[in-house]
Protein chains: 2
Amino acid sequence: MSKQPVQLVGGADLEDCRVPLVAEPLTADQAERLAPSFKALGDPVRLRLLSLIASHAGGETCVCDLTEAFDLTAPTISHHLKVLKEIGLVTAERRGTWVYYRAEQPALDLLSTVLSVPQGVNA
Amino acid sequence: MSKQPVQLVGGADLEDCRVPLVAEPLTADQAERLAPSFKALGDPVRLRLLSLIASHAGGETCVCDLTEAFDLTAPTISHHLKVLKEIGLVTAERRGTWVYYRAEQPALDLLSTVLSVPQGVNA
DNA sequence: CGTCTAGTTTGACGACCGTCTAGGCAATCG
DNA sequence: CGATTGCCTAGACGGTCGTCAAACTAGACG
């Protein structure tokens, strides 16, 4: 029950994009599927949200704790969390009154790999 | 010889953001400085441009070759290249008639590090 | 049931983004 | 010089994005 494939909005699989962008040219199709993930990271609030969630001890964070960390209204935080959730960088689970968010580390790792610069590439 | 500091638009240094986002929460300031780089990667055309440049043998690519790879007008390609250049992911150099773009691998590597998931983090 | 708290959804508004056409600048070649 | 080619800038236009206030849904607790 582990190793769920990383998903994109439309449901397409991102795993076949797990290649350093430096190693060979991305196809138009790969670029089209990767870009939304980077776009999601292109907002300071979402970057911090993801970092807060991903670095939190226990691996999950309550929305109430996240909202407190920003000078923004709850709907705005909720909106950003939705964006992160829809591209598969986080998942959400309701337990009683509270909703907990958890980072999808494989998705993060994939994006890291795409940007990675293997030794000796194009010296 | 190596380790030129990666620069941001305003001239601020990005090097002190070279920490996995999973390891500890990004500060608001760090997020503010990192986000524009990811935003630049959040467009499929720019992702492909960067990949074409970064993976090209010899390390540099002529604009004319880049333009041909897309179904877009030259000004549009030029605009995207400018975005990549202004955040420091590529550099440009004119030699005679042609302009050559080159990928800034340290900048790429920094972003890769930010997204990386070190072993044993938040098991 | 009624009420309270936690989050999300909806709809609106201003700002920003990607693309184009038209025009400009720089280097090359007769 | 004038003509041509390569690339960039300027300006415009439609679409998307980030934010908020208001209204809604889901549990918890009497």
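Hydrogens, waters and symmetry mates are skipped; everything else that's a heavy atom, side chains included, is used. Within every chain, numbering begins at 1; the chains are lettered A, B, ... in the order of the sequence lines, protein sequences first and strands thereafter.
Pairs passing the side-chain hydrogen bond (donor to acceptor under 3.5 Å, both in side chains) check and including a residue from residues 107-116 of chain A, sequence neighbours excluded, read A/Arg18-A/Asp109, A/Ser112-B/Ser112.
The distance from atom CD of A/Glu93 to atom C1' of C/dG7 is 15 Å, rounded to the nearest whole Å. Atom-to-atom, CD1 of A/Ile77 to C1' of C/dT8 comes out at 13 Å; the value is rounded to the nearest Å.
Checked against side chain to side chain contact (heavy atoms under 4.5 Å, CB included), B/Ser78 has no partners two or more places apart in sequence or in another chain. For B/His56, there are no side chain to side chain donor-acceptor pair (under 3.5 Å) partners, not counting sequence neighbours. Annotation: side chain to side chain contact (heavy atoms under 4.5 Å, CB included) contacts of B/Ala74 (sequence neighbours excluded): B/Thr67. In terms of the side chain to side chain donor-acceptor pair (under 3.5 Å) criterion, residue partners of B/Asp29 (sequence neighbours excluded) are, by chain and number, B/Arg33. For the side chain to side chain contact (heavy atoms under 4.5 Å, CB included) test, residues two or more places apart in sequence or in another chain that qualify with B/Thr76 are B/Leu72, B/Thr73, B/His80. Under the side chain to side chain contact (heavy atoms under 4.5 Å, CB included) criterion, A/Ala92 pairs with A/Lys85, A/Val99, A/Tyr101, sequence neighbours left out.
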Check nucleotides 24-30 of chain C for protein N or O atoms closer than 3.5 Å to its own N or O atoms and list the pairs.
none

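Across all strands shown, D/dG30 forms a Watson-Crick or G-U wobble pair with C/dC1, both key distances being under 3.5 Å.
The footprint of chain B on DNA chain D, defined by a heavy-atom cutoff below 4.0 Å, extends from D/dG6 to D/dT9.
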Counting primed atoms, P, OP1 and OP2 as sugar-phosphate and everything else as base, the B/S/- map of nucleotides 13-20 of chain C against protein heavy atoms under 4.0 Å is ----SSBB

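Distance check: B/Asp65 CG to B/Glu60 CD gives 11.0 Å after rounding to the nearest 0.5 Å.
Not one side-chain nitrogen or oxygen of A/Tyr100 sits closer than 4.0 Å to the OP1 or OP2 atom of C/dA6.
Considering all non-hydrogen atoms of both residues, B/Leu52 and A/Pro25 come closest at CD2-CB, 3.8 Å.
Of all the residues in residues 55-64 of chain B, not one reaches under 4.0 Å from DNA chain C with any non-hydrogen atom.
Grouping Ile, Leu, Val, Met, Phe, Trp and Tyr residues whose side-chain heavy atoms lie under 4.5 Å apart, directly or via other members, leaves B/Val83 alone, with no other cluster members.
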